[in-house]
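In what follows, every chain begins at residue 1, and chains take the letters A, B, ... in the order their sequences are listed.
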There are 2 protein chains.
Amino acid sequence: MNWNAISFDWNHVRAFLATVEEGSLSAAARATGQTQPTLGRQVAALEEAIGVTLFERVGRSLTLTTSGAQLVDHVRAMGEAASRISLAASGQSQSIEGLVRISASDVLSVYQLPPVIAQLRDRAPGIEVEVVSSNAISDLLRRDADIALRHIRPEQPELIARKLADSDAYLYATPDYLSRVGNPKVVDDLKAANFIGYGAPDEMLPHFVAMGLPLTRDNIRYHSDSGVVGWHMVRQGLGIGVMSEQVAALTPDIVRVLPDLPPVSFPTWLVSHRELITSSRIRLVFDHLAEMLG
Amino acid sequence: MNWNAISFDWNHVRAFLATVEEGSLSAAARATGQTQPTLGRQVAALEEAIGVTLFERVGRSLTLTTSGAQLVDHVRAMGEAASRISLAASGQSQSIEGLVRISASDVLSVYQLPPVIAQLRDRAPGIEVEVVSSNAISDLLRRDADIALRHIRPEQPELIARKLADSDAYLYATPDYLSRVGNPKVVDDLKAANFIGYGAPDEMLPHFVAMGLPLTRDNIRYHSDSGVVGWHMVRQGLGIGVMSEQVAALTPDIVRVLPDLPPVSFPTWLVSHRELITSSRIRLVFDHLAEMLG
DNA sequence: TCCAATTCATGCATTTATGTATAGGTGATC
DNA sequence: GATCACCTATACATAAATGCATGAATTGGA
């Protein structure tokens with residue numbers, strides 16, 4: 001190894017990478033938890049060290065020079081290697097104490113995870129749990145979380161996934177609301193009903209149609225990005241919503257709409273990193289989730 | 001990018017890498033131009049930061065833990081990315097001033113390069129030249145040199161090579177030595193002659209045999225790793241040596257042995273990095289060498 | 001068994017890098 | 001065209017890392 005060729009300050013490379021990715025020194029400082037003067041000096045020092053002008057100081061912002069742009073790929077590769085080091089290091093941790101981050105949809109996070117975590121507390125009191133409640137598919141490759149619960153099968157080979165039991169989802173509403181729309185008995189009776197949408201109505205509608213419901217865009221008048229908010233709209237008697245059987249069972253004063261309508265079955269996958277799962281702490285949480293939810 | 005995951009000190013990764021590659025903190029300190037306490041503290045800080053014990057302090061030396069060993073691949077990848085940054089940065093340099101390192105065999109370095117460099121001085125006075133004189137094939141991928149002169153075609157796709165003119169090598173000796181062995185006229189007359197070997201005799205002998213010479217191990221009594229030393233042995237009348245026509249022409253009082261013997265033809269390749277050759281400084285030296293030696 | 005060589009660990013003075021505060025500029029917006 | 005929001009550059013006090021000198025421990029060989 002020619003140590004002389006790589007004797008420049010590697011932290012300055014990270015400063016350059018952050019500046020490129022975030023778009024400015026100030027943004028990079030915010031993202032990395034450093035200060036703008038530090039980032040500025042580090043980038044300037046890197047330019048001095050490798051003899052390449054990386055940014056053109058034009059106006060209030062920096063733009064990559066062509067020379068700088070040709071280094072970006074290698075700089076990214078270095079950052080990715082650093083990420084893998086961090087990942088593998090976390091996977092090496094055999095400590096039964098410490099943080100584990102679990103990403104799940106808000107509905108899962110609110111209704112199903114808390115009791116599971118309560119049991120985990122009894123099994124492994126030293127484990128700290130952070131629930132990353134998001135309906136966006138969290139990027140495990142970016143390490144937004146250590147473990148994720150998803151309803152689609154992950155494709156990346158770096159991830160390992162365990163399929164949990166399939167869940168059945170039905171239509172639910174309050175008895176009060178159902179009587180208000182004339183106690184529907186067949187699907188055609190739902191044409192005048194209100195449906196609660198989770199996320200954008202245009203994304204929700206095809207799912208309702210696939211269930212055989214004769215609905216249009218106008219049937220989805222109330223909607224929310226949050227599944228929990230949507231479910232509370234249902235509980236409030238604002239309309240009919242889809243929900244998994246398990247969650248609905250936890251909710252009093254909610255009845256199934258058209259009980260003869262076949263359910264929508266959907267899978268749940270427990271996902272983690274191939275390298276992270278070697279950590280006994282994460283492995284323990286992973287196995288616990290699989291046992292309790294599977 | 002999850003900056004939090006890669007917020008450990010990247011220089012400490014280099015310290016770890018150097019310690020792994022060099023085998024000890026002290027050796028790593030020597031190799032990287034730092035001090036042993038610094039390296040020791042950096043490795044300890046990295047262990048603290050990523051929560052993994054990298055080395056087992058046993059006796060006077062360090063041995064990698066299994067956890068540490070599983071990080072080494074990623075750490076090497078980071079180092080290689082750093083090397084590529086350095087390489088690409090050098091290639092981006094459009095300065096006509098600065099250092100260019102040329103690797104060549106000692107014979108080329110001593111007899112043929114100096115006049116070529118003298119002409120280069122007139123063409124580009126700002127260029128500093130370091131001649132890495134070595135008969136080992138220098139590792140351009142490790143950046144032991146910027147440009148190399150070789151007699152075998154490089155295979156790595158990262159390297160670019162330009163073929164120079166083929167050279168003819170003949171047998172040479174002093175007239176004094178030839179008369180001492182009876183002025184040989186045909187190859188069989190050489191059976192009793194001494195041959196000068198460059199490098200190990202066992203490596204040299206097959207080349208002589210390939211030339212049709214009836215020699216054995218015993219014919220090579222004087223040899224040296226250095227081609228220059230070997231050639232001076234020939235000049236001193238210690239035996240017969242192989243030398244390229246061009247170099248022999250520079251040497252007075254040396255005559256060709258068996259002038260009718262067909263020459264051994266060998267190629268010369270001018271080699272550099274694909275990314276380095278984009279530097280105008282290195283490009284200039286590369287082209288100058290090609291012109292003067294081609 | 002003793003000695004020499006080599007290794008890692010530690011205390012201290014010095015150098016270096018960092019953060020805070022602030023100044024100087026630029027571009028978008030009303 | 002003035003204002004606002006946002007960016008980069010600089011001065012200075014503070015915090016951190018580095019190198020030097022030295023100590024302690026171990027290995028290999030005479």
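Pairs engaging residues 13-57 of chain B under the ring-ring contact (aromatic ring centres under 6.0 Å, His included) rule: F16(B)-F55(B) [sequence neighbours left out].
In this view, S280(B) and Q94(B) satisfy the side chain to side chain donor-acceptor pair (under 3.5 Å) rule, not counting sequence neighbours. When the side chain to side chain donor-acceptor pair (under 3.5 Å) test is applied to N11(B), the partners found at least two apart in sequence or on another chain are D9(A), R14(B). Residues satisfying the side chain to side chain donor-acceptor pair (under 3.5 Å) test with W10(B), not counting sequence neighbours, are none. Under the rule for a side chain to side chain donor-acceptor pair (under 3.5 Å), the partners of R283(A) that lie at least two apart in sequence or sit in another chain are D287(A). Applying the ring-ring contact (aromatic ring centres under 6.0 Å, His included) test to Y222(A) and every residue at least two apart in sequence or in another chain returns nothing. Partners of R274(B) by salt bridge (charged side-chain N to carboxylate O under 4.0 Å, His left out), not counting sequence neighbours: none found. By the ring-ring contact (aromatic ring centres under 6.0 Å, His included) test, H151(B) pairs with F266(B), sequence neighbours left out.
Defining each end axis of the helix from dT1(C)-dA30(D) to dC30(C)-dG1(D) as the rotation carrying four pairs' C1' atoms onto the next four, with five pairs an end, the two axes are found to diverge by 30° to 10 degrees.
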| note | In 5'-to-3' order, the base (B), backbone-only (S) or no-contact (-) status of each nucleotide in nucleotides 9-15 of chain C, using a 4.0 angstrom heavy-atom cut-off, is BBB----
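Between the T278(A) side chain and the E275(A) main chain, a donor and an acceptor come within less than 3.5 Å of each other.
With rounding to whole Å, Q34(B) atom CD is found 14 Å from dT16(C) atom P. Regarding L39(B), its CG atom lies at a distance of 12 Å from the C1' atom of dC8(C), rounded to whole Å. The nearest whole Å value for the distance from the CD atom in E48(B) to the P atom in dA16(D) is 14 Å. The CG atom of L54(B) sits 14 Å away from the P atom of dC8(C) (whole-angstrom rounding). Between the CD atom of E22(B) and the C1' atom of dC8(C) there is a distance of 17 Å, rounded to whole Å.
Residues from residues 2-19 of chain A that place a heavy atom under 4.0 Å from any atom of DNA chain D: there are none.
Side-chain nitrogen and oxygen atoms of R30(A) include none within less than 4.0 Å of the OP1 or OP2 phosphate oxygen of dC6(D). Between T38(B) and the phosphate of dT18(D), there is no side-chain N or O to OP1/OP2 separation shorter than 4.0 Å.
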Please report, to 0.1 Å, the donor-acceptor pairs under 3.5 Å made by any side chain of residues 27-39 of chain B, with sequence neighbours excluded.
unit_1, atom_1, unit_2, atom_2, d
T32(B), OG1, A28(B), O, 2.8
T35(B), OG1, T38(B), OG1, 2.9

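In this structure, Q156(B) places its CD atom where more than 12 heavy-atom neighbours from other residues, nucleotides or ligands lie under 6.0 Å away.
S26(A) comes within 4.0 angstrom of a nucleotide base, judged by non-hydrogen atoms across all strands.
If G33(A) and A27(B) are placed on DNA chain C by their nearest nucleotide, the residue sitting closer to the 5' end is A27(B).
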